[in-house]
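The next block holds one structure in the form of structure tokens; read it before the comments.
As the structure is a computational prediction, the values presented were derived from the model and not from experiment. What's counted below: heavy atoms across the whole structure, side chains too, no hydrogens, waters or symmetry copies.
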Amino acid sequence: MTDTSTLLTQLSALLGPRGLLTDAASLEPHLADWRALYRGATPCVVRPGSTAELAAAVKLCAAAGVPLVPQGGNTSMVGGATPDESGRQVVVSLARLNRVRDIDPMDMTMTCEAGVILKAAQDAAAAADCLFPLSLGAEGSATIGGVLSTNAGGNTTVRYGNARELMLGLEVVLPDGQVWNGLRRLRKDNTGYALRHLFVGAEGTLGFITAAVLRLFPRARESAVAFCAVRDEDAALALFRRFRDRDETAVRAFEYLSGEGVGFALKHIEGCLNPLAGRHDHYVLVDLASSRPEAGLRGLLEAVLEQAMDAGEVLDAALAESEAQKAAIWRIREEHPEAQKREGASVKNDVSVPVSKVPELIRRSSEACRALIPGVRPVPFGHLGDGNIHMNLEQPPDMDPAAFLARSHDIMDTVNAVVRDLGGSFSAEHGIGRLKTDMMEDWRGGPELALMQAIKAAVDPAGLMNPGKVLP
Ligand code: FAD
Ligand code: 2HG
Ligand code: ZN
């Protein structure tokens with residue numbers, strides 16, 4: 001078996017100086033995750049400039065028995081893209097595979113390489129007068145390879161589905177270095193097992209996504225955004241139903257926010273202003289959009305809010321009058337993760353339940369966590385329309401952050417007990433990564449986990465792809 005220094009020499013000859021980082025300063029940004037939960041080590045970061053280069057590098061590493069950790073924008077919420085502490089795992093950054101290879105407004109498809117930043121993919125689609133609808137707070141850093149590998153959701157899932165629903169075909173470098181070109185742009189293709197879907201949500205444990213055919217949609221020609229104070233969680237759900245029943249296709253996003261979370265955004269994020277006169281305990285952000293130029297969304301928004309106010313569900317509402325005001329309202333929502341970080345230590349629970357159970361999820365898990373840690377501050381927020389709430393807990397103001405984080409598992413168990421009771425999932429959109437592998441046996445044990453392990457063994461028999469992630 002090749003030793004590390006021989007492997008580095010081989011990789012250097014293959015990739016050249018732009019394709020291989022080995023000095024400490026260059027490695028640094030690749031070693032820790034966004035949440036600072038993990039800090040690993042690596043002998044090098046491989047940065048291939050093409051699919052063929054990646055395939056050749058994978059062959060060298062496979063021959064050397066060296067484990068590989070795919071990394072896109074490194075925005076994983078579960079430590080999925082971080083190498084372990086052994087110093088043996090090689091990080092493979094897809095950043096240089098950043099070409100939009102093709103856009104076809106007739107087929108409504110776009111072929112992007114894995115390292116294309118999500119925002120750049122959105123912009124490229126817009127330049128072709130189309131929409132690539134996936135949208136999330138990390139879109140300025142997250143990559144197409146990363147969002148597909150985590151099957152990311154985000155703000156528009158309620159209308160357009162998760163990343164999986166936006167993908168038609170893939171190009172993949174397999175763990176032995178073979179290239180599978182499955183970049184088909186077909187709406188219908190029932191030809192055996194849908195292998196492409198194996199790699200979506202696999203979090204880099206089955207191979208490298210190097211390019212993808214993505215679905216495009218007509219761009220929005222009209223939109224309307226409102227920031228609403230609602231009576232309680234039930235009123236938030238009732239408001240969602242009112243919009244959905246009136247015009248399901250118009251609801252581009254429907255996000256729940258708590259008084260605590262909005263308070264943190266107003267306190268910590270420069271330029272964040274309260275769109276309403278006072279403070280409330282519960283809020284909803286409604287975003288309506290249509291590709292029809294005269295869709296009458298403003299009228300729809302006003303009519304539904306008026307009904308909901310008459311029913312006592314909506315207490316107050318601010319309707320955006322300009323694109324700038326829409327952006328300002330969205331900023332309060334999108335800065336939630338950053339604001340929570342600045343407020344102190346927090347524990348995240350990216351959970352989902354049937355949409356009808358969201359109010360019960362928020363209420364019961366908040367109560368249970370307050371009983372567990374007196375003074376803890378629940379900060380539930382997120383994608384109500386998908387039943388996906390970030391049931392996060394902020395430390396009590398006077399508690400030592402380290403002491404609070406030492407209770408992370410107790411807090412997660414407390415929330416998850418409620419989630420299980422409501423028929424939900426312990427990971428809705430962020431994935432398993434390293435953080436939640438120990439929950440897999442309990443939640444997915446039996447034939448489901450055994451099948452996953454069998455697939456892993458078949459595709460990656462040497463176990464070199466992102467070891468320690470997803471599977472226990
Ligand atoms: P990375 O973090 O680099 O990697 C994620 C996983 O995919 C890792 O397991 C990695 O090994 C693997 N991977 C990366 N690229 C490849 C590839 N080309 N081939 C194979 N495996 C690969 N997620 C949501 O779903 N919805 C949200 O609303 C959302 N909001 C966020 C907001 C913030 C502020 C942050 C920091 C994160 C957020 N996330 C959200 C989490 C995160 O999952 C997404 O940002 C995104 O899916 C990760 O993309 P990335 O390129 O950063 O991937
Ligand atoms: C979001 O919806 C992300 O903003 C991050 O999924 C959620 O910080 C979180 O818990
Ligand atoms: Zn989210």
Side-chain angles (χ1 to χ4, degrees), residues 1-15 19-22 26-27 29-33 38-74 76 78-97 113-115 143 145-146 148-150 170-180 198-211 431-434 437 455-471:
M1 198 173 280
T2 327
D3 63 28
T4 307
S5 79
T6 309
L7 177 66
L8 286 177
T9 309
Q10 291 171 338
L11 288 171
S12 171
L14 172 71
L15 301 164
L20 188 70
L21 310 176
T22 51
S26 306
L27 299 186
H30 300 275
L31 301 179
D33 63 307
Y38 304 105
R39 192 185 157 74
T42 187
C44 62
V45 173
V46 168
R47 297 174 79 244
S50 67
T51 301
E53 264 187 20
L54 173 60
V58 169
K59 278 186 186 151
L60 289 175
C61 294
V66 166
L68 301 171
V69 181
Q71 199 174 86
N74 200 15
S76 170
V78 288
T82 311
D84 71 8
E85 295 78 13
S86 69
R88 268 180 48 75
Q89 300 187 342
V90 163
V91 172
V92 179
S93 165
L94 283 296
R96 288 178 64 214
L97 294 187
E113 292 184 344
T143 61
L148 286 170
S149 297
T150 56
L170 288 184
E171 178 187 85
V172 174
V173 170
L174 295 166
D176 61 2
Q178 287 186 80
V179 179
W180 169 46
L198 265 186
F199 297 92
V200 176
E203 301 182 46
T205 59
L206 297 179
F208 293 90
I209 294 174
T210 49
I432 303 300
R434 182 166 167 185
T437 48
I455 290 168
K456 170 77 175 172
V459 181
D460 179 23
L464 296 179
M465 284 306 305
N466 216 1
K469 314 289 166 50
V470 182
L471 298 175

Handout entry: Partner of Val92 by side chain to side chain contact (heavy atoms under 4.5 Å, CB included), out of Val58, Thr42, Leu54, Asn466
Key = Leu54
Exercise for the section: Kindly give the heavy-atom pair with the smallest separation between Val470 and Ala202, and that separation in Å. Expected result: CG2-O, 3.9 Å
Completion exercise
CZ (Phe208) and OG1 (Thr51) are apart, to the nearest 0.5 Å, by 11.5 Å
Fill in the blank from the handout: What one should report as the nearest heavy-atom pair of Ser149 and Gly204 is CB-N, 4.3 Å
Problem - Shortest non-hydrogen separation from Ser93 to His30 and the atoms involved - result: CB-CE1, 4.3 Å
Problem - Nearest heavy-atom neighbours spanning Cys44 and Thr22 - result: CB-CG2, 3.9 Å
Fill in the blank from the handout: Closest non-hydrogen atoms of Arg88 and Pro67, given as atom of the first, atom of the second and distance, are NH2-CD, 3.5 Å
Practice task
Any chance you could lay out the side-chain contact (heavy atoms from CB on, under 4.5 Å) test for Val46 and Leu20, step after step, and finish with the verdict?
Solution key: CA-CA 5 Å; Val46 168; Leu20 188 70; 4.0 Å; yes
Problem - Full working for side-chain contact (heavy atoms from CB on, under 4.5 Å) between Thr150 and Val78 - result: CA-CA 10 Å; Thr150 56; Val78 288; over 6 Å; no
Handout entry: Pairs meeting criterion salt bridge (charged side-chain N to carboxylate O under 4.0 Å, His left out) with involvement of residues 47-69, two or more places apart
Key = none
Exercise for the section: Supply the atom-to-atom distance Glu171 CD to Ile209 CD1, rounded to the nearest 0.5 angstrom. Expected result: 11.0 Å
Problem - Side-chain heavy-atom pair Pro83, Val91 within 4.5 angstrom cut-off - result: yes
Practice task
Without swapping roles, check the side chain of Lys456 against the backbone of Thr205 for a donor-acceptor pair under 3.5 Å.
Solution key: yes
Output a table of donor-acceptor pairs, distance under 3.5 Å, between side-chain atoms of residues 5-15 and any protein atom two or more places apart or on a different chain; print 'none' if there are none.
unit_1: Thr6; atom_1: OG1; unit_2: Asp3; atom_2: OD1; d: 2.6
unit_1: Thr9; atom_1: OG1; unit_2: Ser5; atom_2: O; d: 2.8

Practice task
Hey, could you give me the CG/CD distance between Leu94 and Glu113, rounded to the nearest 0.5 Å?
Solution key: 9.5 Å
Exercise for the section: Mind listing the closest non-hydrogen atom pair of Leu68 and Pro467 along with its distance? Expected result: O-CD, 4.1 Å
Handout entry: Side-chain donor or acceptor of Asp33 paired with backbone N/O of Thr82 under 3.5 Å
Key = no
Exercise for the section: Would you please name every residue forming a side-chain contact (heavy atoms from CB on, under 4.5 Å) with Ala81, sequence neighbours left out? Expected result: Gln71, Asn74
